[in-house]
*Asks:* 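Below: one structure in structure tokens.
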Amino acid sequence: MATKEEKENTGVSRREFLKNAKLLAGSVAGGMAIANLAAAGTPGDENKAKEIQIQGSTVKVPEPVYEVYNTDILVLGGGFIAVSAALEAFGQGANLMMVDKGPFGYSGGFGMNWDNYITSITDGEMAYKFNFWYSEGLCNQKALKAVFTHMPNHRIMVDIANRGSSAFARTKTGDLFKIPMPGQEMVEHGFSRHESDEVKRQGINVVDRTMITNLFMQDGRCIGAMGIHLPTGAFRVFRAKATILATGPCTWHYGWISVSPISLGSPDNTGDLDAVALRNGARITGCEFFANDLISIYPEGLAASYNGGIGADDINYAYICDKNGDFWMKDIPKSEMNRGLFAREVAKKILDGKGSPNGGVYVDCRSDAILDGLRDTYKRNVKPYKDLFGIDVQKDMLEVAVEWYESNAHPIIDENLATDIPGLYCPAGGGLRGAKSGGISLNMSAASLAAINAVKFTEKNKINKISWQPVYDEFTRLYEILGRKVKNPIRPHTVRHSIQKASYKALGPIRNAAGLESSIKELVRIRREDLPRMVVSTKTKVFNTEWKEAIENYNMIDLVESMCRAALMRTETRGQHYRSDFDKRDNENWLCNITVKLVNGKMQLEKDPIVCLDYTPDQVKKLIDNKFRA
Amino acid sequence: MNVKIQKYDPSTDAGPYYKTYNIPWKKNITILEVLVYIHENHEAIAFDYSCRGRVCGRCSMMLDGEPVMACYTPVGKDRDIVLEPLRGFPVIRDFIVDKSKTRDRIAKIEARVRSKLLVQSDITAKMDPDLAKKIGNLEWCCRCLSCIAACPVINEDKDQEKFIGPAGIIAIGLRYYDPFDEGDRVVEAVQNGLYECIMCGKCNEVCPAAEIDHLGVYSELREEAKKKGLEP
């Protein structure tokens, strides 16, 4: 049994579980691995099920059977980053495979076929300086510079056009409608379907509807990954010389309203691989930072849907108002606006008592001029809002709330975009964004650079001997979750809603020590009392959405706890991290990152100095306190 | 309200069967909210969704025999409803179907045909803003495939070989308008069943993207086909 102290920290129940499970799974392991290598997968054989004792209950775990796939480059994920990494590696002639949790092309935020802003680099050096300033000094200067300077200027827009987008927005005279940013340029009307279509057309091998649940580790190195094929329950092992972690953010934790959290994200966005990397020894960082828009929260069924709602963001903000109809943000020049300032302005308005009943503010689309100027993505919802749901935004102000569309919590990377785990690369890597959110140019150039480095690494990553024990351990872990029977069971969605509630109370636009401490306490309780009682009510292996949800909950709770603990530790305000009890930026104490690591099952947080290249910490302090200058 | 749903788990059930649940109605309740309610309060059912804004194409299904996006379809008060998986696609479990075959076919068709890669100056050159808008409207096809589930030609003939279906013709239309595309999209449209379509407009009715004028696209393609002597 774990001591009380251990129990209050992350990972213990699973570590303890694995130790127990190993004893039993080990007995079926020896000598079977080779035979199983060639075995095509059916889920485990029920007739050879072993009974194991875990967490006080007896669980029947079938004999492990698994499929083995072999490749050089393994790309985990199916979004913008994954697709860009895959196309780059494929272009270099690499043998590669992609694994996507959802239906490929339709999964995550990328799978939403909407009018994307396509950001291209027009001057890499300038884009680097701007993103460094925007990160409020926290980004890894070496990595950021490497990312922004390795690609020819304008390549992103040209690539996207060549993959199939043709309808970029035009001015009345037919010129490309460009939104300038320092060192970058944005155009509207990129549609992500063309990106996934390109992957299919190139003939890249995509294994979709397959949820990666763990990395395949060998002597501290990553030699692939493993998980479940959701339509059949088959257990799949992917061996690779280099693995690129390119899955989406963890945003599905932030509250719950009937069908979704307060997030533009997708149910796919449960932060699986960030949590998996953490449990396998990688440090993660950026946990206290997120990215947000303002978005409508009713009707409840469409709450926080970017594509189904009407909202505002740091580019479109003139029509945001408080409860008195004051458009207080409209005079902030676009050159000074960023997402951090945007979120803090909203937070202050709410604290002033001028927000909306549900903790947000309003958008006022009652004038024709505002309605005409709305982004297409919002504008197309005005009519169905009225016709289908009886909400007339031309008559009434619409309540909008701060949502989460991106989390910055990812494994920390170096300037090669390599994580702490040899063989594992992460283009969205922790430390690349600092207190800023992503953006297509950063994501796509990072993906391309990570892919190039991963291809080089394949030549170095040779193993002499392989142990299949991690495969047996993971199979046993997953089938224990499926087969678990306990007194007073709780279904996975109930556990999830408890995590979501704890997250929403602590991690919103206004944070303070009391709220964060109380949610950490609740998360510790959920981990101790609820997770062991979490039972999947239907035992089928065919697209068992509850089983999937239960597995994801283990990932989500690790990430949310990391986020709360990092947010509690950072006793200052920076980016979207707004502490009402420490409402100033504190460069003396907090010009650093916070890393989260598991040490003997305990979550350890540490200050990590910023990685400098062009600017020393003293120069950084001066630079970020001023407006950005080219 | 009473909700009758079709359930099917091929690993345990001989075939699909129906089950009815009673759930409380609320104002503006969507089909997706109905499913989540049943899943959380009655028993586990398998369904798929993502965006809640009719752009990811994942939650299309049949409501009283008509295709809808579960996320964006409210149910009126005191209405009893029947929900089934999207017609015409292999069921994996309950409401989860496999749309990959049709989607892959559309993806292939939508590939731009062009001898040389575009360069920056091709993209920054002027383009008629109305043309950009016309293409942009077709971009909103999310491939939910509701149009295919609703299409009487495909469903009565049970034959997608002759007619690729509305979403496929829209993909061809997108490239037909695309000034960067060099393929003969009119021939392709005819080859893929442009004249099999009976112009009933059912696809336009069920399509979640109001921007797409299906019959307008078919008519334009037919006019061009006529000029080229391709009319059957």
Side-chain angles (χ1 to χ4, degrees), chain A residues 102-103 105-108 111-114 154 157-158 161-162 164 166-176 189 191 193-194 196-197 200-201 231 258-260 266-268 299-303 305-309 380-381 383-384 388-390 491 493 537-538 540-546, chain B residues 9-12 28-30 32-33 36 39-40 43-44 46-58 71-74 92-93 96 98-100 103-104 107-108 110-112 117-120 122-124 126-129 132-133 135-136 139-143 178-181 210-211:
Chain A
Y106 302 81
S107 61
M112 303 175 193
N113 188 49
W114 52 276
H154 300 284
M157 183 180 71
V158 175
N162 274 311
S166 357
F168 298 135
R170 300 276 160 174
T171 64
K172 279 181 185 144
T173 53
D175 292 310
L176 205 55
H189 297 180
F191 282 81
R193 284 288 181 270
H194 302 297
S196 49
D197 284 357
K200 292 258 174 180
R201 286 196 288 267
S258 84
V259 301
S260 77
S266 158
D268 302 327
E300 288 181 351
L302 305 185
S305 166
Y306 183 70
N307 290 288
R380 72 194 296 260
N381 295 321
K383 195 173 180 301
L388 295 175
F389 299 98
R491 285 180 58 201
H493 71 264
S537 68
T538 312
T540 180
K541 295 181 197 79
V542 175
F543 228 115
N544 191 329
T545 50
E546 267 194 306
Chain B
D9 179 344
S11 71
T12 53
N28 283 333
I29 191 169
T30 61
L32 181 58
E33 285 182 295
V36 170
H39 177 76
E40 295 191 347
E43 64 176 332
F47 54 97
D48 191 32
Y49 73 102
S50 174
C51 76
R52 301 100 64 214
R54 40 100 165 88
V55 296
C56 73
R58 281 165 70 167
C71 68
Y72 218 71
T73 307
I92 298 173
R93 189 184 146 211
I96 301 181
D98 183 2
K99 300 173 186 166
S100 59
R103 283 172 168 176
D104 287 356
K108 279 197 191 97
E110 214 174 296
R112 190 183 288 124
L117 284 177
L118 294 166
V119 295
Q120 196 195 335
D122 294 323
I123 304 157
T124 50
K126 279 185 192 289
M127 182 193 281
D128 174 4
K133 179 86 183 149
I135 303 167
E139 293 272 27
W140 287 105
C141 171
C142 67
R143 300 183 196 159
D178 178 359
F180 303 132
D181 191 85
E211 291 86 350

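Naming convention: chains lettered A, B, ... in sequence-line order (proteins, then strands); numbering from 1 in each chain.
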*Asks:* If you tally heavy-atom pairs under 4.5 Å against chain B, which of A/Lys200, A/Lys383, A/His189 wins?
*Replies:*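 Highest number of pairs under 4.5 Å: A/Lys200.
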*Asks:* Where do A/Leu302 and B/Arg52 come nearest, in terms of heavy atoms and distance?
*Replies:*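 That closest heavy-atom pairing would be CD2-O, 3.6 Å.
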*Asks:* Do the side chains of A/Thr545 and B/His39 get nearer than 4.5 Å, heavy atoms only?
*Replies:* yes
*Asks:* Of all the heavy-atom pairs spanning B/Arg93 and A/Val542, show the shortest one and how long it is.
*Replies:* CD-O, 3.0 Å
*Asks:* Considering non-hydrogen atoms only, spot the tightest contact between B/Glu139 and A/Asn113 and give its length.
*Replies:*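 In terms of heavy atoms, the two residues are closest at O-ND2, 2.7 Å.
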*Asks:* So which atom in A/Arg491 and which in B/Glu40 form the shortest heavy-atom distance, rounded to 0.1 Å?
*Replies:* NH1-O, 3.8 Å
*Asks:* Heavy atoms only: give me the nearest A/Thr538-B/Ala44 pair and the separation to one decimal.
*Replies:*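 Shortest heavy-atom separation between A/Thr538 and B/Ala44 comes out as OG1-CB, 3.4 Å.
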*Asks:* Have a look at B/Ser50 and tell me which of A/Ser305, A/Ser107, A/Ser266 forms a side-chain hydrogen bond (donor to acceptor under 3.5 Å, both in side chains) with it.
*Replies:*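 Single side-chain hydrogen bond (donor to acceptor under 3.5 Å, both in side chains) partner of B/Ser50 among A/Ser305, A/Ser107, A/Ser266: A/Ser266.
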*Asks:* Decide side-chain contact (heavy atoms from CB on, under 4.5 Å) for B/Arg143 and A/Tyr106; before the verdict, give the C-alpha distance in whole Å, the side-chain angles of both, and the deciding distance to 0.1 Å.
*Replies:* CA-CA 9 Å; B/Arg143 300 183 196 159; A/Tyr106 302 81; 3.1 Å; yes
*Asks:* Any non-hydrogen side-chain atom of B/Val36 less than 4.5 Å from a side-chain atom of A/Ser258?
*Replies:* no
*Asks:* Take A/Asn381 and B/Tyr72 through the test side chain to side chain donor-acceptor pair (under 3.5 Å) and record every step on the way to the result.
*Replies:* CA-CA 11 Å; A/Asn381 295 321; B/Tyr72 218 71; 3.1 Å; yes
*Asks:* Checking B/Asp9 against chain A: side chain, backbone, both or neither under 4.5 Å from a heavy atom?
*Replies:* side chain
*Asks:* Within a 6.0 Å radius of atom NZ on B/Lys126, are there more than 12 heavy atoms belonging to other residues, nucleotides or ligands?
*Replies:*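 Count over threshold, so yes.
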